[in-house]
Amino acid sequence: MAAGGGLRFLLVALRFLLVALHMAAASAALPLVVNTWAFGKATETAWRVLQMGGSELDAVEKGCAQCEMDQCDGSVGYGGSPDESGETTLDAMIMDGNTMEVGAVADLRRVKNAIGVARKVIEHTKHTLLVGESASLFAVRMGFPYEDLTTPKSLSMFSEWLNQSCQPNYWKNVVPDSSKSCGPYKKTEKVICKEDWISSQRRISVHNHDTIGMIVIGESGTIASGTSTNGAIHKIPGRVGDSPIAGAGAYADSTAGGAAATGDGDIMMRFLPSYQAVEYMRMGTDPTVACQKVISRIRKYAPKFFGAVICANTTGSYGAACNKTPGFTQFHFMVYNPSLSQPSEQVVDCI
Ligand code: ASP
């Protein structure tokens, strides 16, 4: 009996050791692809690009483009998140952590491959961010076709919203009362400047928001990151979120780490969470803790904000964190590294 108990103990200990070894391997191996949400096809595409000798930037571009084509969760690419006029517009960025170059597009119209256009901003301009109709003109010059980003699904989301008296929306201090009726709105004489964090939580949640944010680290430690999204549903035309802003939506520095964010960009972009997470990792903070620290910092001001961050350091260690709210208690993200035979969906409990 005692011998049997001892054996069982040994087996359990051995199992723990194997799991620990596996986790250590899974958490610190290069190359590495990490991306937000359970967008596994994007992970696989990025991994394949690396295996075929592509660069880290190629992997980020093609991985995020996969989501643009697949309309991941309806919140990346065409046919999702119609704005107040019913149009889908796209935000994307890509960053090279060796040269610190960034290419980004925001409020891009009638062009599907937003991250492809962002890459062209790096390759063919000395700028960082192009926006709106002019970004679309640039895209056409770079050889991208004009296409309609509206689909029957985005049209029906738009008409449903109109039928619900344009609720929810992003206006405040306007007449007629934006919490009851559609516009056009005019400004009120009296302006209440207090930020309404609570109602912002109602507007933006896991149900109407997502971005693909991706970090790729090559065998030599070169880091690239990027994002692509169609932003916030029913946004005011012209609204740009965190995703195309370096340091907010994503950041990469091959001497420290990479990070990417998803969630309520109107709030998150005020805190540059991706930049901040990379700086924490530069100081030696573990990626999971770095992610947690930026989430906690935002939460001090916006306790109910919807958001999550992924982080990875130069050794291939990675982690994620999210802000716990009633509708959002766990965050799913994807990982691929040499210890895995396929993209692995991982889950963190929100803090
Ligand atoms: N952060 C994006 C935005 O606010 C959307 C999201 O990730 O949910 O545009």
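Side chains are part of it too, since the values below use all heavy atoms of this structure and drop only hydrogens, waters and symmetry mates. Every number for a ligand or one of its atoms is a count from 1 in the order of the listing. What you see is a predicted model, and the numbers here were worked out from it, not measured in a lab.
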Peer 1: Is it true that Phe333 and Phe39 have ring centroids separated by less than 6.0 Å?
Peer 2: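 So the answer is no for these two rings.
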
Peer 1: Pick one: which of Thr222, Asn98, Thr99, Thr314 meets side chain to side chain donor-acceptor pair (under 3.5 Å) with Ser254?
Peer 2: Asn98

Peer 1: Numbering the atoms of ligand 1 from 1, which are under 4.0 Å from a heavy atom of Ser243?
Peer 2: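 Selected atoms, number and element: 1 (N), 2 (C).
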
Peer 1: Would you check whether Thr262 has a nitrogen or oxygen atom less than 3.5 angstrom from a nitrogen or oxygen atom of ligand 1?
Peer 2: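 Indeed, backbone or side chain, Thr262 has an N or O that close.
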
Peer 1: Below the 3.5 angstrom mark, is there an N/O of Asp91, backbone or side chain, next to an N/O of ligand 1?
Peer 2: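 Such a contact does not occur with ligand 1.
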
Peer 1: Taking N or O atoms only and a 3.5 Å limit, does Gly265 qualify as a polar contact for ligand 1?
Peer 2: yes

Peer 1: Below 4.5 Å, heavy atoms only, C-beta onward: do Leu57 and Arg119 meet side chain to side chain?
Peer 2: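 They are in contact (side-chain heavy atoms under 4.5 Å apart), so the answer is yes.
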
Peer 1: Mind running side-chain contact (heavy atoms from CB on, under 4.5 Å) on Ile223 and Ile215 for me, showing each step along the way?
Peer 2: CA-CA 7 Å; Ile223 307 182; Ile215 309 162; 4.0 Å; yes

Peer 1: Among Val49, Val34, Val33, find the residue that satisfies the side chain to side chain contact (heavy atoms under 4.5 Å, CB included) test when tested with Val216.
Peer 2: Val33

Peer 1: Could you tell me whether Asp70 and Lys41 make a salt bridge, using a distance below 4.0 angstrom between a side-chain N and a carboxylate O?
Peer 2: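 Yes, this pair counts.
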
Peer 1: Hey, which atoms in ligand 1 end up nearer than 4.0 Å to a heavy atom of Gly231?
Peer 2: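 Listed by number with element: 9 (O).
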
Peer 1: Using 4.0 Å as the upper bound for N to carboxylate O, is an ion pair formed by Glu133 and Arg110?
Peer 2: yes

Peer 1: Are any of the N or O atoms of Gly263 closer than 3.5 Å to those of ligand 1?
Peer 2: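 Between Gly263 and ligand 1, an N or O pair is found under 3.5 Å apart.
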
Peer 1: Any idea which part of Asp210 is under 4.0 Å from ligand 1, heavy-atom wise: side chain, backbone, both or neither?
Peer 2: backbone

Peer 1: Judging by distance only, is a nitrogen or oxygen of Asp266 under 3.5 angstrom from one on ligand 1?
Peer 2: no

Peer 1: Heavy-atom distances under 4.0 Å are what count here, so tell me which part of Met269 touches ligand 1: side chain, backbone, both or neither.
Peer 2: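 Met269 to ligand 1: no contact under 4.0 Å from either part.
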
